[in-house]
Amino acid sequence: MSSSVATLDKIVALCKRRGFVYPSAEIYSGLNGVYDFGPLGTVLKNTIKRLWLAQMTSFAQEVLLLDGAILGASEVWKASGHVENFSDPMVDCLVCKKRYRADDVDLEKNCPHCGNKQWTDVRQFQLMFQTSLGALADSTNIAYLRPETAQSIFVNFKNVMSTNRVKIPFGIAQIGKAFRNEITPKQFLFRMREFEQMEMEFFCKGQDADSFFDLWCQRRLAFFHDLGLKQDRVRLRPHAADELAHYSKACNDVEYEFPFGWKELEGIANRADFDLTQHSKFSGKDLAVFDEETKTSYMPHVVESSVGVERLFLTLLFDAYDEEAVDGEVRTVLRFHPKVAPYAAAVMPLSNKLHDQAHALFVNLKKAGFSVQYDDSGSIGKRYRRQDEIGTPVCFTFDFDSLEDNKVTARNRDTMQQERVAIDQLEHYVRDMMTKACFL
Ligand code: ATP
């Protein structure tokens, strides 16, 4: 196990305290498995999505973007196999009525909640949220909230190809909401009922699928390292043959070592031609592609990369969380890589008399495109601690000497070291820090 001081309870409390994440509808006692993101959480989510898109669209081959609908026609989910197969086994305790995923409890033992041993039979529980379109609630109007974003990529494959003059190999990437009626949402953002996915489907010839699969595994690992995640807590775990979905040729999970064990962060799969073949069959529209060289048609194969925004959000928090004793007190610090931190810098006047000068500096950094916070309440020490706790990598303090030497004190979050930096160098200072591979 890793020696992290982070626990789920500490992360949940920090998220609430500092405005990263709130339980949804908290004043009405919340909605299980659903969360709202506060100001800092929204910035962090947007950063995650921006960095993901940057990696996707910088690939040598074309990767185009899509924004598909959340409501999905039932035909789509029949073709994909979700209507029939997307379910988890569940059992209920007959005494306290608590519901469990059958693979989470030992049915030979007593209910962990009430201690009795009277279980219902194991039943399959459909994980998709079903709704009906329009006024008539009959079977012809059934629609589903999508449980993954990938299917809208497959059903739009031909549209995207024909309207963008792209040739195989190319990818389609999408970020969007997904919904799963998880039987037992748990571990905070790890298993939610409403979440966002970042998915990319890469279409290629069958004979190239293995090498694109390897390439995307390497690229995705590099992405997580680049975000600053500790290398010894990230690993690629190939699925064993009996673990593979029936349509999958190969699958690697990117796993992270959470305090509750090694868990999937992202799935990378070689899905062969399963998806396009299924949709061709069910829709009656041929999704095969004509090869100009061989003058034959073929069904493209697909390499998929799929990760949850919030699961990565939680991972970044666990990875960055640290505590250390400073002057007899515990200092809590999020050691985010500067490009991940919600604020790149904080600007502080030493005294309220210096508000105008410090505030002008803050506005300049904002205009330069950086996310910065102005903080003028409480002692400087308290302000530093507040910024440490939200992961701000540097604080610039404007003091009385600044009036003379046109410099501010730059205080480093990780080392707590201070240095004087010329005001006209601040933009450069922040930019330099954000592009460094490693902060310390
Ligand atoms: P798990 O085994 O954890 O249920 P899965 O194999 O069903 O996951 P996929 O269908 O492969 O998950 O989904 C791809 C990614 O979407 C996951 O790696 C995860 O990052 C994210 N994800 C899936 N379900 C949830 C959820 N309920 N809450 C948050 N993120 C999720």
Side-chain angles (χ1 to χ4, degrees), residues 8 11 15 21 23-24 31-37 41 45 48-49 52 77 80-82 85-90 100-104 124-129 144-154 173-201 216-217 220-221 223-224 227 229 234-240 243-248 250-256 258 260-271 274-275 302-319:
L8 195 61
I11 297 286
C15 280
V21 186
S24 193
L31 193 57
N32 201 1
V34 183
Y35 293 91
D36 294 332
F37 288 78
K45 274 183 88 172
I48 290 171
K49 292 188 252 185
W52 185 84
W77 303 106
S80 68
H82 282 80
N85 299 319
F86 195 55
S87 53
D88 276 341
M90 71 173 177
Y100 298 91
R101 254 171 80 153
D103 44 9
D104 279 347
Q124 287 301 318
F125 178 75
Q126 170 56 255
L127 295 177
M128 281 197 294
F129 285 100
Y144 295 96
L145 295 186
R146 62 181 181 191
E148 60 174 34
T149 64
Q151 296 306 321
S152 48
I153 295 181
F154 300 131
Q174 176 172 212
I175 300 178
K177 288 270 186 179
F179 301 83
R180 296 183 186 183
N181 199 2
E182 301 282 359
I183 299 171
T184 41
K186 58 184 171 191
Q187 276 124 3
F188 192 37
L189 307 180
F190 187 84
R191 192 172 300 287
M192 306 160 77
R193 290 191 166 127
E194 173 179 339
F195 56 101
E196 270 187 289
Q197 283 187 316
M198 305 187 284
E199 295 195 297
M200 191 276 315
E201 309 296 329
W216 276 106
C217 287
R220 295 302 299 149
L221 268 185
F223 174 79
F224 293 116
L227 291 182
L229 291 183
V234 181
R235 72 180 183 194
L236 206 58
R237 188 184 67 82
H239 278 205
E243 226 185 322
L244 283 177
H246 59 282
Y247 50 79
S248 223
C251 186
N252 281 342
D253 283 351
V254 178
E255 292 189 332
Y256 182 82
F258 292 93
F260 41 87
W262 285 96
K263 299 280 176 202
E264 172 180 336
L265 170 57
E266 160 161 342
I268 307 169
N270 176 350
R271 301 175 64 97
F274 173 78
D275 307 279
V302 170
V303 171
E304 173 181 86
S305 143
S306 173
V307 58
V309 175
E310 294 86 352
R311 203 174 277 186
L312 177 51
F313 183 113
L314 182 65
T315 306
L316 287 166
L317 284 165
F318 270 120
D319 203 72

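Note that ligands are numbered from 1 as they come in the structure, with each ligand's atoms numbered from 1 the same way.
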Do the charged groups of E266 and R311 touch, with an N to O distance under 4.0 Å?
-> no
Does T184 have any side chain to side chain donor-acceptor pair (under 3.5 Å) partners at least two apart in sequence or in another chain, and if so, which?
-> none
Salt bridge (charged side-chain N to carboxylate O under 4.0 Å, His left out) test vs K177 passes for just one of E199, E310, E194, E196, namely E194
Identify all N/O pairs between ligand 1 and the protein with a separation under 3.5 Å and present them as a table of atom names and distances.
unit_1   : atom_1 : unit_2 : atom_2 : d
ligand 1 : 3 (O)  : R191   : NH2    : 3.1
ligand 1 : 3 (O)  : R311   : NH1    : 3.2
ligand 1 : 3 (O)  : R311   : NH2    : 3.2
ligand 1 : 4 (O)  : R191   : NH1    : 2.7
ligand 1 : 6 (O)  : E264   : OE1    : 3.4
ligand 1 : 7 (O)  : R180   : NH1    : 3.2
ligand 1 : 10 (O) : R180   : NH1    : 3.2
ligand 1 : 10 (O) : R180   : NH2    : 2.9
ligand 1 : 11 (O) : E264   : OE2    : 3.4
ligand 1 : 16 (O) : Q197   : NE2    : 3.3
ligand 1 : 18 (O) : E264   : OE2    : 2.6
ligand 1 : 18 (O) : L265   : O      : 3.3
ligand 1 : 20 (O) : L265   : O      : 2.8
ligand 1 : 20 (O) : G308   : N      : 2.9
ligand 1 : 24 (N) : R180   : NH1    : 3.3
ligand 1 : 27 (N) : E182   : OE2    : 2.8
ligand 1 : 27 (N) : M192   : N      : 3.2
ligand 1 : 27 (N) : M192   : O      : 2.8
ligand 1 : 28 (N) : F190   : O      : 3.3
ligand 1 : 28 (N) : M192   : N      : 2.9

Is the closest side-chain donor-acceptor distance between Q174 and S152 under 3.5 Å?
-> yes
So, F188 versus F190, ring centres under 6.0 angstrom or not?
-> no
Test V234 against every option in D319, T315, L221 by the side-chain contact (heavy atoms from CB on, under 4.5 Å) rule and name the one that passes.
-> L221
